[in-house]
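Chain naming here is simple, since letters A, B, ... match the order of the sequence lines and numbering starts at 1 in each. Values below: all heavy atoms of this structure, side chains included; hydrogens, waters and symmetry mates excluded. Everything numeric here is computed off the predicted structure, so don't read it as measured data.
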2 protein chains.
Amino acid sequence: MAAVTGLKIGEVSKQTGVAVGGLRYYESLGLIQSARGDNSYRYYPPETVRQVQFIKKAQALGFSLDDIGEVLTVHHQGDVPCEFVQELLQGKIQQLEAQISEMVVFKAELERYRDRWAANHPHPQPGDICPLIEAIPLTAPA
Amino acid sequence: MAAVTGLKIGEVSKQTGVAVGGLRYYESLGLIQSARGDNSYRYYPPETVRQVQFIKKAQALGFSLDDIGEVLTVHHQGDVPCEFVQELLQGKIQQLEAQISEMVVFKAELERYRDRWAANHPHPQPGDICPLIEAIPLTAPA
DNA sequence: CTAAACGCTACAGCTGGCTATAGCATCAAG
DNA sequence: CTTGATGCTATAGCCAGCTGTAGCGTTTAG
């Protein structure tokens with residue numbers, strides 16, 4: 001009878017707000033680790049709570065579990081992974097920036113079509129169904 | 001011989017860059033429509049090419065196929081529902097606006113974390129994985 | 001002692017937008 | 001006429017990040 005100690009999965013769940021199934025999922029990805037008792041129950045070391053909180057925070061920054069796994073791997077190698085996290089973060093920021101400007105451009109485009117219709121109002125040309133729709137860029141904007 | 005004319009699916013695929021399976025998927029969602037020949041082949045009207053290009057462009061900028069379907073369904077119905085389309089468009093514009101400001105706020109948040117860490121590399125406390133992430137407050141554990 | 005609460009595994013399902021496969025029919029070129 | 005490209009339907013799988021279910025075993029409070 002090994003002295004298996006630690007938090008049972010429900011306790012970790014309560015302390016982190018992450019559902020039991022979610023924790024099992026994290027463990028299946030290798031993000032957290034448990035010892036197993038004779039009853040086959042998972043027993044987590046106390047620091048698991050902080051690790052799960054770390055996972056949640058990193059997720060809140062837009063990191064995937066894959067990203068987080070890489071960070072934790074660096075951590076397990078005994079290094080402080082901040083440089084690596086910084087790189088990931090910078091990448092996320094640039095991604096966001098690109099998405100934002102795409103959306104701004106597209107919004108301006110939609111506004112242009114909306115306003116053109118509002119100004120022109122119903123001038124359905126022969127063959128047109130709705131000038132507003134016909135004006136939508138079905139081809140690349142010339 | 002049936003008077004079925006139009007582009008076969010492979011031709012539409014070549015002209016739009018959308019895979020044959022993707023086009024069948026679009027059709028299954030009602031985004032595009034075909035006539036069927038005696039051979040059960042799909043024959044698409046030429047304007048399908050422009051419609052598919054519209055789908056791709058709208059998609060690239062964050063519109064779901066569901067959204068696109070609403071517009072194209074109106075188009076296919078042959079009605080003149082410009083008022084409705086206008087409303088739909090206005091809704092999308094507002095949604096886009098909301099998404100953009102959300103993303104701008106979030107990007108500023110990420111930049112704040114990045115810059116704070118860059119300005120003052122905190123020392124890892126015992127139990128820390130990366131102070132850059134650890135410094136982030138957990139939002140209410142839901 | 002009993003029954004609820006909790007744990008386990010294994011698998012299915014969810015969202016969205018496809019892609020891939022199997023097994024067959026049809027078409028177009030040589 | 002044959003062959004390879006193309007078409008068809010139906011079904012399954014993929015990505016992420018879980019959630020839910022079935023059917024069981026274990027622990028714990030009364």
Side-chain angles (χ1 to χ4, degrees), chain A residues 1-44 48 51-72 88 92 95, chain B residues 1-2 4-44 48 51-72 95 99 141-142:
Chain A
M1 203 106 104
V4 187
T5 56
L7 303 166
K8 284 191 289 185
I9 196 165
E11 293 165 336
V12 175
S13 174
K14 267 172 205 146
Q15 288 186 42
T16 60
V18 173
V20 166
L23 293 173
R24 283 196 276 248
Y25 179 60
Y26 291 166
E27 188 171 335
S28 77
L29 298 182
L31 299 185
I32 55 177
Q33 297 93 28
S34 64
R36 294 304 188 103
D38 291 343
N39 47 16
S40 82
Y41 280 22
R42 290 168 176 86
Y43 290 94
Y44 293 101
T48 300
Q51 286 169 4
V52 172
Q53 286 167 348
F54 177 86
I55 292 168
K56 289 277 110 186
K57 288 174 181 179
Q59 266 189 315
L61 293 187
F63 292 133
S64 66
L65 294 184
D66 225 40
D67 291 336
I68 296 165
E70 288 182 47
V71 172
L72 289 178
L88 288 180
K92 293 295 167 199
Q95 244 177 49
Chain B
M1 277 321 222
V4 189
T5 55
L7 302 167
K8 283 190 290 187
I9 196 165
E11 293 165 337
V12 175
S13 174
K14 267 172 204 146
Q15 288 185 43
T16 60
V18 174
V20 165
L23 293 172
R24 283 197 275 247
Y25 179 61
Y26 291 166
E27 188 170 335
S28 78
L29 298 181
L31 299 186
I32 55 177
Q33 293 163 344
S34 65
R36 295 304 187 103
D38 292 342
N39 48 16
S40 82
Y41 281 21
R42 290 166 177 85
Y43 290 93
Y44 293 102
T48 300
Q51 289 167 2
V52 172
Q53 286 166 348
F54 167 74
I55 291 168
K56 296 316 283 180
K57 182 171 170 79
Q59 237 186 341
L61 292 153
F63 281 78
S64 69
L65 293 184
D66 232 38
D67 291 335
I68 298 164
E70 284 185 50
V71 174
L72 287 180
Q95 211 176 315
Q99 282 174 17

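- Chain B approaches DNA chain D over the interval D/dT6 to D/dT9, counting the first and last nucleotide 5' to 3' with an atom under 4.0 Å from its heavy atoms.
- The distance from the CG atom of A/Asn39 to the NZ atom of A/Lys8 is 8.0 Å, given to the nearest 0.5 Å.
- Shown here are the side-chain contact (heavy atoms from CB on, under 4.5 Å) partners of A/Ser64, two or more places apart in sequence or in another chain: A/Asp66, A/Asp67.
- Side chain of B/Ser34 to backbone of B/Tyr43: no donor-acceptor contact under 3.5 angstrom is found.
- Look at A/Arg42 and you won't find any side-chain N or O under 4.0 angstrom from OP1 or OP2 of C/dC6.
- Note: CD1 (B/Ile68) to P (C/dG17) measures 8 Å, nearest angstrom.
- Distance A/Glu11 CD to C/dA5 C1': 13 Å, rounded to the nearest Å.
- Counting non-hydrogen atoms under 4.0 angstrom, B/Tyr26 reaches the backbone sugars and phosphates but no base.
- The distance from atom CD of A/Glu27 to atom C1' of C/dA10 is 16 Å, rounded to the nearest whole Å.
- Contact record, B/Ile32 with B/Leu23: CD1-O, 3.7 Å, taken as the closest heavy-atom pair.
- Considering only side-chain atoms of B/Tyr41, the nucleotide from C/dC27, C/dG7, C/dG17 that sits closest is C/dC27.
- Between the P atom of C/dT15 and the CG atom of B/Asp66 lies a distance of 11 Å, rounded to the nearest Å.
- Whole-Å rounding puts the A/Tyr25 OH to C/dA10 P distance at 17 Å.
- Atom OH in A/Tyr44 sits roughly 14 Å away from atom C1' in C/dC6 (whole-Å rounding).
- Computed from coordinates, the B/Lys8 NZ to C/dT26 P distance equals 13 Å when rounded to whole Å.
- When the nearest nucleotides of DNA chain D are assigned to A/Asn39 and A/Gly22 by heavy-atom distance, the more 5′-ward of the two goes with A/Gly22.
- B/Glu27 and B/Tyr44 share a side-chain donor-acceptor pair at under 3.5 Å.
- We find that CZ of B/Arg24 is positioned 16 Å from C1' of C/dG17, with the value rounded to whole Å.
- Remark: the B/Lys56 side chain and the B/Gln53 side chain contain no N/O donor-acceptor pair separated by less than 3.5 Å.
- In terms of phosphate contacts, B/Gln59 brings a side-chain nitrogen or oxygen within less than 4.0 Å of OP1 or OP2 of C/dC18.
- Smallest separation of non-hydrogen atoms from B/Ser13 and B/Val20: OG-N, 3.8 Å.
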